[in-house]
Amino acid sequence: MTSLGDKGEGHRETTALLGNEDEGSVQTQTKVLNQGSWTQVSCPCCVSEQVEPLVLIQLSDNIQPVTKRWLISLIEVSERDGGAALLAHPGEDECGDVIVVSAPRCTLLRATEDLGLCKKYHNGDMVAFSYNDRDNFSNVDDMQEFLTLAERQYIVKYELDFLRAQKEQKIPGVPESQGVLKARENICQKLEKVGVIKDIFPLHDKQRLTDLCRNWYSGKQIWGQPLDSIQAYFGGTMGFYFSFLDFYTWALVPPAILGLVLTFLLPGGGSGGGVVKEQAGVMEGVVEVDDSPSVSGHMVQAVFSMLWSTLVMEFWKRRSSSLSHHWGLLHLAERFAEPRPGFHGTLGINPVTGRLEPLFPEWQRQLRVGLVSVPLVGFFLGMVVLGMTGFYHGEALAQGFHQESGSLFSGALLYLPSVAHIIYTNMLGNVYRTVAMQLTEWENHREESSFQNHHTTKVLLFTFFNYFAVLFHIAFYKQDLPLLRKRLASLLIVTQLVNQCTEVVVPFIVDRFFSAPQKKQQEDDPNVDKLRAQRSLPTFPGLFAEYIELLVQFGYLSLFSCVYPLTAVLLLLNNVTEIRADAYKICKLFRKPFSAPVSNIGVWQTAFEVLGFLSVMSNCWLLLLSPRVREFCLEGGISGRNIILFAILVEHVLILVKMILAFMIPDEPDWVRIKREQIEFHSMQALGQQNQLPWR
C-alpha cells in the first residue's frame, strides 16, 4: 500500500535506519513479519531493508476488512492529510485482527523535536533536538542509536493518540448509529469506544529483554542496577522509579545502623522504665513498665529522623536532575504538544501554538477543582475518620459486652469491629478510586502529566489517611506509646511477610507454572503468533502501588521511628529483595508498558517532602509523650507547661533548620544548571536562526 503523504518533502514517512550494533536484534524481530507487506515509503533518506515492529494494535475479532484497510490508510497517511505518518503491517492477512506499527525516520525525528527531547550534539553536549539542525546531531542517521526503544515506541503511541478527524465522516464497516466521527474527534479513542480497537501495546524485543534480565536480576550481585539499560528499554518512568528505589535503599543504611546501636548497644535501650500519668497538665508519677529507649536515644533518633528525611530528598533531587540531563529529559515541551486524548472543549486556535484544537478556559478548570473536587475529596476523608471512629466505638462495645457475659459468642463478637472496618475501608477505597478517576477526567486537564498529578494527589490523600490515621490516633489521642510501638512493629513485620509472598513467591509460581505454554513456543510456530502471544500477558498495572509502598515506608521511618528504632532495619531487608522482585515482575509477568518522557518522579517527590515536613512535628510531640522523657523532666522539676512550651520552641527551630538545609542544598548540581542554561540558550539561538532574525 503506497503512502498518501507529501512525497516531495517525505514528510514524516518511512522506516528508521538500522545500526549494525543492533541489527541482529532487529532481524530477530522483523523476521516474524513479511517485509514486503509493510506500507511503502517515498522518502529516499529513510529507505531501509528492515522495518522494526514497535507496536501492536489488537483489533476486534470480527473486524471488517474494509475497516482494517481504512485504519491502515490513516496510520500511513502524512500528518498534513490527517494521518499519523507511520508504517503499518496487516499481520497474517487483511482479515486478521492485528496491525503491527513501526515509525519512519522522519516521523521519529520530528516527534523528538515536538517532545523536547535532548540529544547529543556533534561537540558531545546534550542539546534540545531541532529537526532543521538535525545534521549536527550524533547518530542522527541511526535510529537504533539516536533514540531508545522506549522512545521509539512512545512516539508511535504519541502519533496514534493524536489522530483526529479533519471533518465529520463515517467509519467504514461500523454501523452508522455508532460509527460517526465528528470533526477533530480523537480517532483511536472513538475506535476503542465502539469496539474496533481492543488494545494498543508496545512489543518486547526478546534479545534485548534477555540481556537486560541477565544484567539486572539474574546475577548474584546485591547492589547496583543497570539504570541506563532500564531507561532505554522501559523508558524514563521506570528508570526514575528504580533509580529512586536504589537511592532510597542505600539511604536506609545510616538509620538502620543507628537503630541497631540504639536498640542493642545504648545503655537502657531495652531496659525497663516508667510511664508517667499526667493530671491537670502536671506529671506526677510512674505507674507502669516501659521498654522504650533511653532519653538520649529518643532524642538522637528523633533529631536524626528529621534531618535524614530532609537530606534524603534534597540529595535525591540532585541525583534526579543529573539523571534527567544524562537521559536527555531536561527540556521536555509537553505544554506545547497536542492535548491529551481525553481532553475536550470548544474548537479554536491555540494562542500559543496557532494550531486548531479543543480549548478549555483555565478558570473553569480551577472552578471545578475548587468547588467540586476538593469538597468531595474532603467528604471521603471524613468518611475514613468516621469509619475509624466507628471502629473504636464498636471495639469498646464488644469489649464491654464480653466482660459482662464472658461467653464464646461474645468472644467471637470481639472480631466483628475489625472485620467490619476492613470491609468498610475496602468498599470505601473502591468507590473513592472510581470517583477520583471520574473527577480528574471531569476537570479536563490538557496535559497528561497534569492529569496524572491531580489523580495521584487525590488517591494519595486517601491512602495517607488509611495508612496513618490509626497510628496518629494511638500516638496523639490515646497517647499510648507502647501500643504504638507494638502496632508499628506488627505492621512492618506482617506487611513485609505479605509483600515477600506476593512479590516473590507468587510471581515465581505464576511464571514457572502458568506461563509455561508461552515459554514453550517452537521455532516453527506461525511467526505472527509470537507477536500476538504477548497480548496473553496481563497489562502492567503501573507504578502507583510501588510508590505507595515506598511512601508508607518513608512515613513509618520519618514519622514514628523514634518509637521503634528498628524500623529502618526491617525496611532495608525488605527493599534489598524488593528491587529484584519488581524487576522480575516487569520483565516476565506483564506486557511491556508505554512510558512517556518524564524529568523526575513527579508528584511523588512532593509527597515525600510533605512527609519530611510532618516528621518534625510528629517526632517533637512523640518525644514529649515519651515516658522516659516525662520521667526525666519530673526528676528535674520541670513543669508540664514548660515542657510543652519547650517542645513548641524546638519544633519551630527544627523546622527552620530543615528550611535552611533545603535552601543551602541546591536542587541540581552546578554542572547540571550550566548545562540546562546552555540548552535553553542553544534553543533560543536555533529559534532565532529559524526565524532569520539577527542574534544580539
Side-chain angles (χ1 to χ4, degrees), residues 53-77 79 82-86 88-91 94-103 153-203 337-345 357-358 433-434 437-438 440-442 444-448 451-452 455 531-532 534-542 590-596:
L54 294 174
V55 172
L56 188 141
I57 301 177
Q58 181 63 47
L59 304 173
S60 171
D61 296 335
N62 57 353
I63 183 74
Q64 297 295 319
V66 64
T67 308
K68 184 175 180 179
R69 288 195 298 270
W70 173 78
L71 181 56
I72 289 177
S73 68
L74 279 177
I75 292 173
E76 68 169 329
V77 167
E79 189 179 60
L86 298 171
H89 191 290
E94 285 192 0
C95 299
D97 61 351
V98 299
I99 298 176
V100 183
V101 185
S102 186
Q153 290 175 327
Y154 178 75
I155 286 173
V156 172
K157 180 179 183 296
Y158 175 82
E159 298 294 343
L160 291 175
D161 278 346
F162 298 121
L163 268 175
R164 295 183 180 273
Q166 291 188 317
K167 60 182 180 180
E168 184 172 318
Q169 59 183 290
K170 182 183 179 298
I171 302 174
V174 177
E176 190 170 352
S177 58
Q178 297 178 337
V180 176
L181 276 168
K182 299 178 181 178
R184 298 298 297 170
E185 185 174 6
N186 187 282
I187 295 176
C188 285
Q189 195 174 36
K190 176 69 174 182
L191 293 178
E192 289 177 358
K193 187 181 299 184
V194 300
V196 172
I197 293 179
K198 296 173 66 175
D199 204 357
I200 302 175
F201 58 91
L203 292 167
E338 287 280 335
R340 56 181 291 270
F343 180 73
H344 56 85
E357 64 180 49
R433 281 189 287 273
T434 302
M437 177 61 73
Q438 292 177 348
T440 312
E441 286 282 2
W442 181 68
N444 200 27
H445 298 277
R446 184 183 186 276
E447 294 86 22
E448 183 65 27
F451 175 87
Q452 293 296 339
H455 177 247
L531 297 178
R532 296 176 59 189
Q534 296 187 31
R535 68 175 178 168
S536 63
L537 294 172
T539 302
F540 182 68
F590 297 102
R591 292 179 189 170
K592 187 176 189 289
F594 286 109
S595 180

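Keep in mind that this is a model prediction, so the values were computed, not measured.
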All heavy atoms of Gly83 vs all of Leu163, minimum pair found to be C-CD2, 3.4 Å
Applying ring pair (Phe, Tyr, Trp, His ring centres under 6.0 Å), name anything that partners His455, two or more places apart in sequence or on another chain.
none
Salt bridge (Lys or Arg N to Asp or Glu O under 4.0 Å) involving Glu441 - partner list, sequence neighbours excluded
Arg340
Just verifying a value: how many Å separate Asp97 CG and Ile63 CD1, rounded to the nearest 0.5 Å?
9.0 Å
Residues at least two apart in sequence or cross-chain that pass side chain to side chain contact (heavy atoms under 4.5 Å, CB included) with Pro172, listed by chain then number, are Val66, Trp70
With a 4.5 Å cut-off on side-chain heavy atoms, are Pro53 and His89 touching?
no
To check you understand the geometry: which heavy-atom pair defines the closest contact between Gln166 and Ala183, and what is its length?
O-CB, 4.4 Å
Phe201 six-ring centre to Arg591 NZ/CZ under 6.0 Å and within 45° of normal:
yes
Working to the nearest 0.5 angstrom, can you tell me the gap between Leu71 CG and Ile197 CD1?
5.5 Å
Partner set under side chain to side chain contact (heavy atoms under 4.5 Å, CB included) for Asn62, not counting sequence neighbours:
Ser60
With Lys170 via salt bridge (Lys or Arg N to Asp or Glu O under 4.0 Å) - residues at least two apart
none
Which atoms form the tightest heavy-atom contact between Ile200 and Glu192, and what is the distance?
CD1-OE2, 4.2 Å
Could you tell me if the side chain of Leu181 sits less than 4.5 Å from the side chain of Ile171, heavy atoms only?
yes
Could you walk me through whether Thr440 and Phe451 pass the side chain to side chain contact (heavy atoms under 4.5 Å, CB included) test, one step at a time?
CA-CA 7 Å; Thr440 312; Phe451 175 87; 3.5 Å; yes
Taking Leu59's backbone N and O only, do any of them form a donor-acceptor pair with Lys68's side chain (distance below 3.5 Å, no angle check)?
no
With Ser595, which residues qualify under side chain to side chain donor-acceptor pair (under 3.5 Å), at least two apart?
Thr237
Do side-chain atoms of Gln153 reach the backbone of Leu54 as a donor and acceptor pair under 3.5 angstrom?
yes
Applying side chain to side chain contact (heavy atoms under 4.5 Å, CB included) to Val174 and Val180, what does each step give before you reach the verdict?
CA-CA 9 Å; Val174 177; Val180 176; over 6 Å; no
Exam field: side chain His445 to backbone Glu447, donor-acceptor pair closer than 3.5 Å
no
Flag side-chain contact, heavy atom, 4.5 Å: Pro65 against Thr67:
no
Under the rule for side chain to side chain donor-acceptor pair (under 3.5 Å), what residues qualify as partners of Asp161, not counting sequence neighbours?
Lys157
With Lys190 via salt bridge (Lys or Arg N to Asp or Glu O under 4.0 Å) - residues at least two apart
none
For Lys198, side chain to side chain contact (heavy atoms under 4.5 Å, CB included) partners two or more places apart
Gln58, Asp61
For Ala165 and Gln169 the tightest heavy-atom approach is CB-NE2, 4.0 Å
Those residues that, when tested against Ala88, pass side chain to side chain contact (heavy atoms under 4.5 Å, CB included) (two or more places apart)
Thr39, Ile72, Ile75, Ile99
To check you understand the geometry: which heavy-atom pair defines the closest contact between Cys188 and Leu160, and what is its length?
SG-O, 3.3 Å
Phe594: what forms a ring pair (Phe, Tyr, Trp, His ring centres under 6.0 Å) with it, not counting sequence neighbours?
none
Heavy-atom pair of closest approach, residues Glu79 and Ala85
N-CB, 4.2 Å
